[in-house]
K.L.:
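Below you will find the structure I want to go over with you.
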Amino acid sequence: MFKGIIAAALLALPAVAAAEEIGQVSTVFKFVGPNDRIVVEAFDDPKVEGVTCYLSRAKTGGVKGGLGLAEDRAEASIACRQVGPIRFKEQLKDGDEVFKERTSLVFKTMQVVRFLDKKRNTLVYLVYSDRLIEGSPQNAVTAIPILPWAQ
């Protein structure tokens with residue numbers, strides 16, 4: 001019964017993609033701990049088959065970064081692309097969270113949300129960072145026109 005309750009609770013959570021690291025570059029040398037770097041990650045939209053998003057973001061190094069205690073910067077860049085036939089797995093809601101990752105020990109996250117521009121038949125993805133008390137206006141946006149996929 002306990003396993004059933006946990007399974008039901010997990011199903012109630014929103015579907016959020018997990019990112020796969022594609023590569024990284026070092027930006028600042030640190031004598032102790034990992035260097036500051038820019039990481040490029042990819043994730044597939046969990047509700048839209050045929051869409052992959054690429055996210056680049058800063059990761060803080062040093063001792064705090066190595067221990068997971070550092071707060072990463074709010075800047076990020078996103079590029080989403082159609083990589084196959086687009087199929088909706090379920091009904092979409094504007095502002096659906098597609099990706100979310102913690103960027104500080106407790107209070108800050110970076111997230112990607114999706115909008116459907118029905119008038120232009122386009123999926124729009126927005127990446128931004130928020131914090132419990134004060135978020136950041138820094139953001140990036142990308143759009144994918146929903147087109148037939150040539151086989």
K.L.:
Rounded to the nearest 0.5 Å, what separates atom CZ in Phe115 from atom CG in Leu92?
P.N.:
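Rounded to the nearest 0.5 Å, the CZ-CG separation comes to 12.0 Å.
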K.L.:
Test Tyr128 against Gln111 for side chain to side chain donor-acceptor pair (under 3.5 Å), laying out the working first.
P.N.:
CA-CA 6 Å; Tyr128 67 99; Gln111 48 201 331; 3.2 Å; yes
K.L.:
Which heavy atom of Leu55 sits nearest to which heavy atom of Ala76, and what is that distance?
P.N.:
CD1-CB, 4.2 Å
K.L.:
So, does Gln82 use its side chain to make a donor-acceptor pair with the main chain of Leu147 at under 3.5 Å?
P.N.:
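Confirmed, Gln82 side chain pairs with Leu147 backbone.
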K.L.:
Which atoms form the tightest heavy-atom contact between Cys53 and Tyr125, and what is the distance?
P.N.:
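For Cys53 versus Tyr125, the nearest heavy atoms are SG-CD2, 3.9 Å.
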K.L.:
Please find the pair of heavy atoms, one from Ala143 and one from Thr122, that lie closest to each other, and give the distance.
P.N.:
CB-CG2, 3.7 Å
K.L.:
So does Lys93 have more than 12 non-hydrogen atoms from other groups sitting under 6.0 Å from NZ?
P.N.:
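No - once you tally the heavy atoms of other residues, nucleotides and ligands closer than 6.0 Å, there are 12 at most.
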K.L.:
Start with the C-alpha gap between Ile146 and Leu123, add the side-chain angles, then the distance that decides, and say whether side chain to side chain contact (heavy atoms under 4.5 Å, CB included) holds.
P.N.:
CA-CA 7 Å; Ile146 301 170; Leu123 292 166; 4.0 Å; yes
K.L.:
To the nearest 0.5 angstrom, please state how far the CD atom of Gln24 sits from the CD1 atom of Ile38.
P.N.:
10.5 Å
K.L.:
Heavy atoms only: give me the nearest Val40-Ser56 pair and the separation to one decimal.
P.N.:
CG2-CB, 4.1 Å
K.L.:
Rounded at 0.5 Å granularity, tell me how far CD1 in Ile78 sits from CZ in Arg57.
P.N.:
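Result: 11.5 Å between the selected atoms.
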K.L.:
What distance separates Ile22 CD1 from Phe43 CZ, expressed to the nearest 0.5 Å?
P.N.:
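The distance works out to 11.5 Å.
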K.L.:
Checking Glu97 against Arg114 for the side chain to side chain contact (heavy atoms under 4.5 Å, CB included) test, could you report, in this order, the C-alpha distance in whole Å, the side-chain angles of both residues, the deciding distance, and whether it holds?
P.N.:
CA-CA 7 Å; Glu97 189 175 273; Arg114 176 197 337 93; over 6 Å; no
K.L.:
Could you pull out the closest heavy-atom pair between Val51 and Val83, with the gap in Å?
P.N.:
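The answer is N-CG2, 4.1 Å.
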K.L.:
Between Asp94 (side chain only) and Leu116 (backbone N and O only), is there a donor and an acceptor less than 3.5 Å apart?
P.N.:
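Here the side-chain-to-backbone pair exists.
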K.L.:
Is the count of non-hydrogen atoms from other residues, nucleotides or ligands lying under 6.0 Å from Glu21 atom CD greater than 12?
P.N.:
yes
K.L.:
How far does OG1 of Thr52 sit from CZ of Arg81, to the nearest 0.5 angstrom?
P.N.:
11.0 Å
K.L.:
Which pair of non-hydrogen atoms, one from Pro46 and one from Val98, has the smallest distance, and what is that distance?
P.N.:
CD-CG1, 3.6 Å
K.L.:
First locate atom CG of Asn139, then atom CE of Met110, and finally report the distance between them rounded to the nearest 0.5 Å.
P.N.:
10.5 Å
K.L.:
Test side chain to side chain contact (heavy atoms under 4.5 Å, CB included) on Phe99 and Val113 and set out the steps.
P.N.:
CA-CA 7 Å; Phe99 173 82; Val113 294; over 6 Å; no
